[in-house]
Amino acid sequence: MDHPSLARNPVSLAGSALTTVSALAFVVYYATHALGWWVSPYAGLLGFVAIPAFFLAGLLLIPLGMWREGRRRSRGETAWHWPAIDLGSATTRRTVAAVLLLTGVNLGIVTLASVGAAHYMETTEFCGQTCHVPMKPEYTAHKAGPHAQVACVSCHVSPGAAGTIRAKRNGTRQLYLVLRGSFERPIPTPAKGLPVAADTCARCHQPGYPMPDVTRVSREYADDEANTETATTLLVSPNRNHWHARGDITVEYVASDEKRETIPYVRVTAAGGEVTEYFAEGTTSRPAGELRQMDCTDCHSRPAHMMSASAEQAVDGVLASGAVSRDLPFVRRELVAALTAPYPDENAATAAIASRLTNFYQSQGGANPALLTAAIGTGQRLFRANVFPEMKVTWGTYRNQLGHTGDVPGCLRCHDDEHKAKDGRLVRQDCDLCHKEQE
């Protein structure tokens, strides 16, 4: 008597087909991945997560189908048989051909849609516009910065499947907060869980590469009628600045605040393995908290999302560039006052900045119309690039720790002549460590 295998049932056969297709797909993916054809950070999610998941699902379907088939037969039901398909019939042949053709078309559509969705999720527009309100400050700053052509995922998603899964899990949580309207305002920084600089910055910026000294001129302006300029010329040595990132030296620290602006403890491991601990005043032992290894983003804390630390700094910049003319009396003072006034939204700010400057110069007997128009337009642009009332983002909300301008501590978080080792050595606050003033 014929006793067909329990594996001969629709569920087990579907599992076998799914497992076989997944295995072939993984072989193709692995080979093309090894050849470097996949550059997307989401490729790992497809090849090392999605395909193996389908493979595992197929394996589970096989015993599930056998169990169901065994129960059927124990109830006295007949064994499952393949449906009879009479290919001698023209109608049957046309039906089979149509099913195969439509299946191929559907697979093509699903494949193209999946690839398109993966590529769209890599774009800056997806990251910046899908969550328009919470991401507007970051998206606006990114478009105007030196990394505008670098996609968000290049810096925010770690390589490999694990990094992609972590990023998508975090993105799902953020989407939930956006739908509920319960996201934080402003979005806190520094961002948690960013990839290490070796997986992001170092892809384009070669660490340890010698760089020439750079002469920089810093210009500041007074609030007097002539907008008096004060220029400071400094020689900056990138090689000295990047001592912290040398491959043979490890600098670690513990911060006592979320913004990493207060650092009571620093540990330096030299090339020969010698370890030196530096303690801020009032600190005698390593404090509790994350021991973080210093990398590029500890100084370049806003590399792709630059905003001005203050309205004064922003206005000095446009005066130095000539976008706003110093021939307008008191323009520095008036622009700063217009930019720092409270406004409920961007539209109100745009109108108020124009009104304030226009009324002021009318009260002074008038001004060159072209210069005034340029000043108004530049002031409005500065506001749109740095202040976002709906997100409670204003001047100085997001501060770049590169350098030590204004009230941003930057280098002085550690280089303050107060971090002392037990042998008396200090983390020095010495200008000549990084630059010198030029005559």
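The shown structure was predicted, so the numbers you read here are calculated from the model rather than taken from an experiment.
For the side chain to side chain donor-acceptor pair (under 3.5 Å) test, residues two or more places apart in sequence or in another chain that qualify with Y221 are E229.
One N or O on the side chain of H147 and one on the backbone of P303 form a donor-acceptor pair closer than 3.5 Å. Put simply, the side chain of H142 gets close to the backbone of V150: a donor and an acceptor are under 3.5 Å apart. Side-chain N or O atoms of Q380 include one that pairs as donor or acceptor with a backbone N or O of T350 at under 3.5 Å. Judged purely by atom type and a 3.5 angstrom limit, N400 has no side-chain atom pairing as donor or acceptor with the backbone of M307. In this structure a side-chain-to-backbone donor-acceptor pair under 3.5 Å is present from T19 to L59.
Looking at heavy atoms from C-beta onward, Q429 lies in side-chain contact with L412 at the 4.5 angstrom threshold. At a threshold of 4.5 Å between non-hydrogen side-chain atoms, the residues L234 and T215 do not count as touching. For the pair L357/E334, a side-chain contact is recorded, criterion being any heavy-atom separation below 4.5 Å from C-beta on. Between S301 and L402 there is no side-chain heavy-atom pair separated by less than 4.5 Å. When side chains are defined from C-beta on, V268 counts as touching I249, because their heavy atoms get closer than 4.5 Å. A 4.5 Å side-chain heavy-atom check between R166 and N170 finds every atom pair outside the cut-off. D213 has its side chain within reach of P238: a pair of non-hydrogen atoms, C-beta onward, lies under 4.5 Å apart. Put simply, the side chain of L319 reaches to within 4.5 Å of the side chain of R326, judged on heavy atoms.
In this structure, H242 and H300 have tilted ring planes: the angle between them lies in the 30° to 60° band. Classification of the H305-H156 ring pair by plane angle, with boundaries at 30° and 60°, yields perpendicular.
Here side-chain hydrogen bond (donor to acceptor under 3.5 Å, both in side chains) pairs that include residues 248-262, with residues two or more places apart or in two chains, are R246-D248, E252-R267, Y253-R292, Y253-D298, E261-R399, E261-Q401.
Counting only N and O atoms by type, the side chains of S158 and D199 include no donor and acceptor under 3.5 Å apart. Side-chain contact annotation: T276 with R425, donor-acceptor N/O pair under 3.5 Å present. Inspection of the N359 and S355 side chains reveals an N or O donor paired with an N or O acceptor under 3.5 Å. Remark: the N9 side chain and the S12 side chain contain an N/O donor-acceptor pair separated by less than 3.5 Å.
To the nearest 0.5 Å, the span separating OH on Y265 from OH on Y278 amounts to 11.5 Å. Of the inter-residue distances, the one linking D224 atom CG with F330 atom CZ reads 7.0 Å to the nearest 0.5 angstrom. Going from atom SG of C299 over to atom CE of M294 covers 3.5 Å, rounded to the nearest 0.5 Å. The OG1 atom of T397 sits 12.0 Å away from the CD1 atom of I187 when rounded to the nearest 0.5 Å. Of the inter-residue distances, the one linking K420 atom NZ with K422 atom NZ reads 13.5 Å to the nearest 0.5 angstrom. From Q293, atom CD reaches atom OG1 of T269 across 9.0 Å, with rounding to the nearest 0.5 Å.
Between R333 and E312 there is no salt bridge, since none of the side-chain N atoms of the basic residue sits less than 4.0 Å from a carboxylate O of the acidic one. Residues R332 and E225 are not paired through a salt bridge, judged by the lack of any N-O separation under 4.0 Å between the basic side chain and the carboxylate.
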Taking it one step at a time, do R216 and T232 satisfy side-chain contact (heavy atoms from CB on, under 4.5 Å)? CA-CA 8 Å; R216 291 183 178 172; T232 303; over 6 Å; no
Might you work through the side-chain contact (heavy atoms from CB on, under 4.5 Å) test for V408 and H404, ending with a clear yes or no? CA-CA 6 Å; V408 179; H404 44 86; over 6 Å; no
Quick one, I376 with T358, criterion side-chain contact (heavy atoms from CB on, under 4.5 Å). Give me CA distance, side-chain angles, the key distance, then yes/no. CA-CA 8 Å; I376 291 172; T358 300; 3.6 Å; yes
I'd like to know whether V11 forms a side-chain contact (heavy atoms from CB on, under 4.5 Å) with R68, so could you lay out the CA-CA distance, the side-chain angles of the two residues, the decisive distance to 0.1 Å, and finally the verdict. CA-CA 9 Å; V11 175; R68 293 179 70 252; 3.4 Å; yes
Show your reasoning for whether salt bridge (charged side-chain N to carboxylate O under 4.0 Å, His left out) applies to K143 and E125. CA-CA 10 Å; K143 289 192 298 182; E125 289 72 19; over 6 Å; no
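Contact detail for I353 and Y343: the closest heavy-atom pair is CG1-OH, 4.2 Å. Contact between S325 and V331 at its shortest, heavy atoms only, is O-CG1, 3.6 Å. Closest non-hydrogen pair, G15 versus L61, comes out as CA-CB, 3.7 Å. For the residue pair M306 and A141, the shortest heavy atom distance occurs at O-CB, 3.7 Å. Across R219 and D316, no two heavy atoms sit closer than the pair O-CB, 3.8 Å. Nearest heavy atoms, P186 versus Y398: CB-OH, 3.5 Å.
Taking the ring centre of F360 as origin, the terminal cationic atom of R356 falls outside the region bounded by 6.0 Å and 45° from the ring axis.
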Report, one line per pair, each donor and acceptor closer than 3.5 Å where one atom sits in a side chain of residues 383-395; sequence neighbours left out.
from, atom 1, to, atom 2, distance (Å)
N386, OD1, S308, N, 2.8
N386, ND2, L382, O, 2.8
W395, NE1, L339, O, 3.1

